[in-house]
Enquirer: 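Below is the structure I would like to discuss, written out as structure tokens.
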Amino acid sequence: MHFNQYQNKAIDTAVYDRTALRTVYPAMGLAAEVGEALNTVKKIYRDHGGVVPDDKRDALEAELGDVLWYLAVLAEDLDISLDAVAKKNLKKLRGRAQRGTLKGSGDNR
């Protein structure tokens with residue numbers, strides 16, 4: 001499945017007010033779901049020494065799916081194509097790799 005295909009299918013399941021809460025709801029949901037995924041990772045390190053058991057891998061897959069959904073509908077509500085986001089991101093990373101600036105910090109490297 002391509003990103004735009006997912007995005008088009010994901011928006012069909014959006015049940016929030018897409019006029020009043022157009023970006024607020026998915027942005028807050030995205031942050032919450034990223035937090036849930038990170039909490040699972042934290043517990044993997046705390047309880048399993050960083051080794052990912054199958055049940056935690058399944059839990060992370062579900063959380064990452066929720067992250068993807070909120071990202072897709074946020075992008076849709078902003079009139080941004082996920083395909084375009086992915087392409088621009090890879091172009092940026094290729095440029096950083098060519099300049100030897102993948103490591104480091106800051107947006108303009």
Side-chain angles (χ1 to χ4, degrees):
M1 175 177 286
H2 296 279
F3 283 119
N4 282 352
Q5 289 173 314
Y6 178 85
Q7 188 173 8
N8 290 333
K9 291 181 183 299
I11 202 66
D12 290 340
T13 63
V15 294
Y16 58 95
D17 181 344
R18 293 189 60 226
T19 53
L21 301 175
R22 188 166 180 87
T23 58
V24 174
Y25 180 84
M28 291 174 31
L30 178 59
E33 293 299 338
V34 167
E36 288 182 30
L38 289 173
N39 194 42
T40 301
V41 171
K42 175 195 73 176
K43 290 177 181 177
I44 289 168
Y45 277 87
R46 182 193 66 196
D47 300 338
H48 305 283
V51 176
V52 184
D54 288 342
D55 65 321
K56 296 301 179 190
R57 184 174 309 280
D58 291 343
L60 277 170
E61 185 177 15
E63 292 301 339
L64 292 175
D66 292 342
V67 167
L68 182 59
W69 186 89
Y70 278 105
L71 179 64
V73 298
L74 178 59
E76 180 71 20
D77 284 349
L78 292 168
D79 239 0
I80 298 172
S81 138
L82 279 186
D83 278 345
V85 170
K87 287 175 186 172
K88 286 180 183 180
N89 183 256
L90 287 176
K91 181 179 178 183
K92 175 185 75 175
L93 294 172
R94 276 193 304 273
R96 287 181 181 173
Q98 290 168 350
R99 293 188 307 278
T101 58
L102 280 172
K103 293 183 179 181
S105 60
D107 288 338
N108 300 314
R109 51 187 157 102

Enquirer: Can you tell me how far the NZ atom of Lys56 sits from the CD atom of Glu61, to the nearest 0.5 Å?
Expert: 15.0 Å

Enquirer: State whether a side-chain donor-acceptor pair under 3.5 Å links Asp17 with Thr19.
Expert: yes

Enquirer: Examine distances only and state if a side-chain atom of Asn89 and a backbone atom of Val85 form a donor-acceptor pair shorter than 3.5 Å.
Expert: no

Enquirer: Show which side-chain atoms of residues 24-42 pair as donor or acceptor with protein atoms under 3.5 Å away, not counting sequence neighbours.
Expert:
{"unit_1": "Asn39", "atom_1": "OD1", "unit_2": "Lys42", "atom_2": "NZ", "d": "2.7"}
{"unit_1": "Thr40", "atom_1": "OG1", "unit_2": "Glu36", "atom_2": "O", "d": "3.1"}

Enquirer: Decide yes or no for Leu60 and Ile44: does some side-chain heavy atom of the first lie under 4.5 Å from some side-chain heavy atom of the second?
Expert: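 In contact.
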
Enquirer: Report yes if the side chains of Arg18 and Glu76 come closer than 4.5 Å at any heavy-atom pair, otherwise no.
Expert: yes

Enquirer: Find out whether Lys9 and Met1 are in side-chain contact, i.e. whether some heavy atom of one side chain is under 4.5 Å from a heavy atom of the other.
Expert: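 With C-beta onward as the side chain, the pair touches.
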
Enquirer: Under 4.5 Å between any side-chain heavy atoms of Tyr6 and Leu68, yes or no?
Expert: yes

Enquirer: Search all heavy atoms of Gly106 against all heavy atoms of Arg96 and return the closest pair with its distance.
Expert: O-NH2, 3.8 Å

Enquirer: Going by atom types alone, do Tyr16 and Asp77 pair a side-chain donor with an acceptor below 3.5 Å?
Expert: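 Yes.
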
Enquirer: Ignoring hydrogens, what is the shortest heavy-atom contact between Leu102 and Leu93? Give both atom names and the distance.
Expert: CD2-O, 3.7 Å

Enquirer: For residues His2 and Gln5, determine if any side-chain heavy atom of one lies less than 4.5 Å from a side-chain heavy atom of the other.
Expert: yes

Enquirer: Looking at Asp12, I'd like to know if its CG atom is crowded, meaning that more than 12 non-hydrogen atoms belonging to other residues, nucleotides or ligands lie closer than 6.0 Å.
Expert: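 Counting neighbours around CG of Asp12, more than 12 heavy atoms of other residues, nucleotides or ligands fall under 6.0 Å, so yes.
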
Enquirer: From Leu64 CG over to Arg57 CZ, what is the distance, rounded to the nearest 0.5 angstrom?
Expert: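 Answer rounded to 0.5 Å: 11.0 Å.
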
